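Note that the structure is a prediction, hence the values are computed from the model and not measured.
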Amino acid sequence: QVQLVESGGGLVQPGGSLRLSCAASGSIFRINIMGWYRQAPGKQRELVADINSGGITNYADSVKGRFTISRDNAKNTEYLQMNSLKPEDTARYYCSVTAQRMGAPFTYKYWGQGTQVTVSS
């Protein structure tokens, strides 16, 4: 199996910053795409940002210029640096990895348990 452990959420004032981390562990052969999603109450889960194994990034329009996704392949860890946070960024943030397990012929998308980010004064 592949386990994802997130950290770094919390309460922050508008304009503040947070950094989320997500560490993958288990019988991992290769990780392709790493990403962050978020889900606010009453809304669908949406992609925030993702990064492929070559370092190419993709962002939702709502976070471009404020959020930065990165990854450390040696540690199987991804990060989301969130700056200039707004109340509308309040949501539960989930990390995901598309990974191939040792001995498996295919990739699978795994999810973390989520971490709450609340932006409020």
- prompt: Quick one: do I28 and Y79 end up in the same hydrophobic cluster if we chain Ile, Leu, Val, Met, Phe, Trp and Tyr together by side-chain heavy atoms under 4.5 Å apart?
  reply: no
- request: Measure the CD1-OG1 distance between I31 and T107 for me, rounded to the nearest 0.5 Å.
  value: 11.5 Å
query: Taking side chain as C-beta onward, heavy atoms only, is N76 less than 4.5 Å from S25?
result: no
task: Please check if the side chain of E78 supplies one atom and the backbone of I69 the other of a donor-acceptor pair under 3.5 Å.
output: no
message: Using a 3.5 Å distance criterion without hydrogens, assess whether the side chain of R38 forms a donor-acceptor pair with backbone atoms of A91.
response: no
message: Do L80 and V63 land in one hydrophobic cluster if side-chain heavy atoms of ILVMFWY residues count as linked below 4.5 Å?
response: yes
task: State, to 0.1 Å, how close G112 and L4 come at their nearest heavy-atom pair, and which atoms those are.
output: N-CD1, 3.5 Å
- request: Please assess Q100 against R30 for the test side chain to side chain donor-acceptor pair (under 3.5 Å), listing each intermediate value before the final yes or no.
  value: CA-CA 5 Å; Q100 184 176 2; R30 176 173 56 206; 2.5 Å; yes
field: Heavy-atom donor-acceptor pair, T115 side chain to Y93 backbone, under 3.5 Å
entry: no
- line: Shortest non-hydrogen pair, S120 vs P14, comes out as C-CD, 3.6 Å
- prompt: Is there a side-chain contact between M82 and L20, using heavy atoms and a 4.5 Å cut-off?
  reply: yes
- request: Test L18 against F67 for side chain to side chain contact (heavy atoms under 4.5 Å, CB included), laying out the working first.
  value: CA-CA 10 Å; L18 282 174; F67 292 10; over 6 Å; no
- prompt: Would W36 and L85 show up in the same hydrophobic cluster when neighbours are defined by side-chain heavy atoms closer than 4.5 Å?
  reply: yes
message: To the closest 0.5 Å, what do you measure between CD (Q116) and OG1 (T90)?
response: 7.5 Å
message: In the structure I gave you, are the side-chain heavy atoms of I51 and Y59 within less than 4.5 Å of one another anywhere?
response: no
- request: Run the numbers on K64 and D61 for salt bridge (charged side-chain N to carboxylate O under 4.0 Å, His left out), then give the verdict.
  value: CA-CA 5 Å; K64 282 180 181 176; D61 287 343; 3.1 Å; yes
message: Main chain of R92, side chain of Q39: is a donor-acceptor contact present, judged purely on distance under 3.5 Å?
response: no
query: Rounded to the nearest 0.5 Å, what separation is found between the CG atom of N58 and the CG atom of D50?
result: 4.5 Å
message: What verdict does the side chain to side chain donor-acceptor pair (under 3.5 Å) test give for N83 and S17, after you've listed the backbone C-alpha separation in whole Å, the side-chain angles of each residue and the deciding distance to 0.1 Å?
response: CA-CA 4 Å; N83 299 328; S17 298; 2.9 Å; yes
- request: Might you confirm whether atom CD of Q44 has over 12 heavy atoms from other residues, nucleotides or ligands at distances under 6.0 Å?
  value: no
- request: Kindly indicate, with the supporting measurements, whether the criterion side chain to side chain contact (heavy atoms under 4.5 Å, CB included) is fulfilled by Y110 and R101.
  value: CA-CA 11 Å; Y110 298 90; R101 292 173 54 196; 3.0 Å; yes
- prompt: Less than 4.5 Å apart, any side-chain heavy atom of N73 and any of R71?
  reply: yes
task: Taking all heavy atoms of D89 and all of R66, pick out the closest pair and write down the distance.
output: OD2-NH1, 2.7 Å
query: Looking at side-chain heavy atoms only, is the closest gap between Y108 and V2 below 4.5 Å?
result: no
- prompt: Is M34 close to C95 at the side-chain level, that is, under 4.5 Å between some pair of heavy atoms?
  reply: no
